[in-house]
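First the structure, in the form of structure tokens, and then the observations on it.
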Amino acid sequence: MTMTLSVALEKFLDYKTASGLASSSVNEYQRTISLFIRFVSENTDVSAIDWEMVQTYLKSLYNGRLAYATARSYTKDLKIFIRWLDGEYRLPFPASKIKVPKARKKDRTIYSVDEIKLIFGACDTYIPFVSARNRAIISLLFDCGLRRNEVTKIRLSDIHKPQGDVFMLTVHGKGGKDRTVPLNLFTRQMISNYMDICPYHITDYIFLTKTGTPISNDTISQAFTDMQKKLPFELSAHKLRHNFATNYCIHSLDTKGYVDLFSLSIIMGHEDISTTRIYEHLARENMIARNFYSFMDEKFLNEKSICLGNVENSSAENLNEKQTAFLLGV
């Protein structure tokens, strides 16, 4: 039986859809695997696929034209497709030969209070209700650890009050898996402020575009692009999610002395708790830096003869004044 890669891809996508994978993920598989199929030719028969062909394509991903993270993502998707092909049609090499490179360590900056104020200030647009909407979205990402796509799916009916003064938010996560997270007062106020001035009657999806339609991932991406132009540091929806998780861990370590990783993994929607454990490690690094004891500071900081030596009376012009002021916290 002969079958082209294009036909095999359609069968693979049907299999993923029938397995309950979200349509956005299925579409992403189609996009990334189609790149490989076009590289080797759409009419290539499955039986003609060999390791050299795959290896040549993989090398092309890492020639510098693509970001490392993008190339790594394409490699991972291809490996999943090749594994499926091997299971269905028996390839002459195993999918295990495809090695997905390790992810590079990401910059997981914890924003300061002043930086958070700047982020909220950067939300302003020429349309007041859009500005209020952006602030509410920032608060949800920061205070609830939501993913960008999860924000777009929030309906009015997803906010509920099960008992007392406790408010909860039903989050529609990856793979159609729902979870419930606390919705705190500050974020509720932000959402309320937005709804109070929104010119459209909100009956279903909460967050709307300036034309009154539900927002999309692209809407949030554009909002963050506009905000980034006003800020002196990097900003992304995912960085705010990282900040939520790390701050959660720092608070837990401060107040309890340990982190309930299981509870945090539920809030974050992580299937693998090892993903959640990254944030505990970051929180511990933060606390070590914050509480670090310096013998040199204690014993010698005010000893000018040691600090300055024979440069104390130097009259040389300080060409690095800004840099030295920064180092000394001035």
Side-chain angles (χ1 to χ4, degrees), residues 1-104 106 147-153 172-178 209 213-222 224-225 236-238 269-272 275:
M1 175 183 174
T2 61
M3 179 180 297
T4 65
L5 278 175
S6 295
V7 174
L9 175 58
E10 291 302 319
K11 289 182 176 292
F12 170 76
L13 297 175
D14 288 343
Y15 164 75
K16 286 295 185 182
T17 301
S19 299
L21 193 66
S23 59
S24 58
S25 298
V26 173
N27 291 338
E28 185 64 10
Y29 273 127
Q30 182 174 32
R31 186 181 72 83
T32 60
I33 296 169
S34 291
L35 296 174
F36 166 69
I37 293 175
R38 287 198 293 271
F39 182 86
V40 300
S41 176
E42 295 180 356
N43 295 321
T44 299
D45 195 84
V46 170
S47 62
I49 296 296
D50 58 24
W51 172 240
E52 184 178 357
M53 192 181 292
V54 172
Q55 191 175 41
T56 302
Y57 171 72
L58 292 174
K59 286 180 179 178
S60 75
L61 295 179
Y62 296 91
N63 62 7
R65 288 199 297 267
L66 293 174
Y68 179 84
T70 301
R72 182 177 178 275
S73 177
Y74 289 0
T75 303
K76 185 171 63 173
D77 287 354
L78 179 63
K79 183 172 184 175
I80 291 170
F81 177 58
I82 292 295
R83 184 186 296 122
W84 177 84
L85 276 180
D86 187 40
E88 294 291 318
Y89 306 107
R90 305 304 302 171
L91 297 179
F93 64 94
S96 58
K97 288 197 73 171
I98 299 176
K99 305 299 182 184
V100 179
K102 287 185 177 180
R104 289 175 177 168
K106 296 180 180 179
R147 299 180 179 93
R148 180 183 59 179
N149 188 49
E150 292 168 347
V151 173
T152 68
K153 299 176 183 177
H172 306 290
K174 283 184 176 181
K177 295 178 181 178
D178 291 353
T209 66
T213 58
I215 63 169
S216 64
N217 282 340
D218 289 341
T219 309
I220 296 180
S221 294
Q222 185 58 56
F224 271 84
T225 297
S236 70
H238 214 60
H270 289 157
E271 289 189 358
D272 187 349
T275 305

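At least one donor-acceptor pair closer than 3.5 Å links the side chain of D86 to the backbone N or O of L91. Under a 3.5 Å cut-off, the side chain of T213 and the backbone N or O of T209 do not form any donor-acceptor pair. Looking at Y29, its side chain never comes within 3.5 Å of a backbone N or O of L13 through a donor-acceptor pair.
Distance check, rounded to the nearest 0.5 Å: OG of S23 to CD of Q30 gives 11.5 Å. Note that the CG atom of N43 and the CD1 atom of I37 stand 11.0 Å from one another [nearest 0.5 Å]. The structure places CG of L78 at 4.5 Å from CD1 of I98, a figure rounded to the nearest 0.5 Å. Here CD of E42 is found 10.0 Å from CG of L9. Values are rounded to the nearest 0.5 Å. Note: L21 CG to S19 OG = 7.5 Å, rounded to the nearest 0.5 Å.
Within a 6.0 Å sphere centred on OH of Y62, other residues, nucleotides and ligands contribute more than 12 heavy atoms.
Contact annotation: the side chain of I33 never approaches that of L5 to less than 4.5 Å [non-hydrogen atoms, C-beta and beyond]. Looking at K102 and R72, their side chains never come closer than 4.5 Å, going by heavy atoms from C-beta outward. Side-chain contact check for T75 versus L58: some heavy-atom pair is nearer than 4.5 Å. The closest side-chain heavy-atom distance from T4 to T44 is not below 4.5 Å. Proximity of F12 to E88: side-chain heavy atoms (C-beta onward) are nowhere separated by under 4.5 Å. With contacts defined as side-chain heavy-atom distances shorter than 4.5 Å, the pair F36/D77 does not qualify. For the pair V54/W51, a side-chain contact is recorded, criterion being any heavy-atom separation below 4.5 Å from C-beta on.
Side-chain atoms of T70 and S73 form no donor-acceptor pair, as typed in the model, at a separation below 3.5 Å. Side-chain atoms of D45 and S47 include a donor-acceptor pair closer than 3.5 Å.
Nearest heavy atom pair, residue Y74 against residue R31, reads OH-NH1, 3.2 Å. Nearest heavy-atom pair, D178 versus H172, reported as atom, atom and distance to 0.1 Å: OD1-ND1, 3.0 Å. Between A8 and L85 the shortest heavy-atom distance is CB-CD2, 3.8 Å. Between V40 and M53 the shortest heavy-atom distance is CG1-CG, 3.3 Å. A pairwise comparison of heavy atoms in D50 and F93 identifies C-CE2, 3.4 Å as the closest pair.
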(request) Any chance you could lay out the side chain to side chain contact (heavy atoms under 4.5 Å, CB included) test for N217 and T152, step after step, and finish with the verdict? (result) CA-CA 7 Å; N217 282 340; T152 68; 3.8 Å; yes

(message) Does F224 form a side chain to side chain contact (heavy atoms under 4.5 Å, CB included) with S221? I'd like the steps, not just the answer.
(response) CA-CA 5 Å; F224 271 84; S221 294; 5.9 Å; no

(message) Could you walk me through whether I80 and K16 satisfy the side chain to side chain contact (heavy atoms under 4.5 Å, CB included) test, starting with their C-alpha distance in whole Å, then the side-chain angles of each, then the deciding distance to 0.1 Å, before giving a yes or no?
(response) CA-CA 11 Å; I80 291 170; K16 286 295 185 182; 4.1 Å; yes

(request) For the pair V151 and R148, evaluate side chain to side chain contact (heavy atoms under 4.5 Å, CB included) and give the outcome as yes or no after the intermediate values. (result) CA-CA 5 Å; V151 173; R148 180 183 59 179; 6.0 Å; no

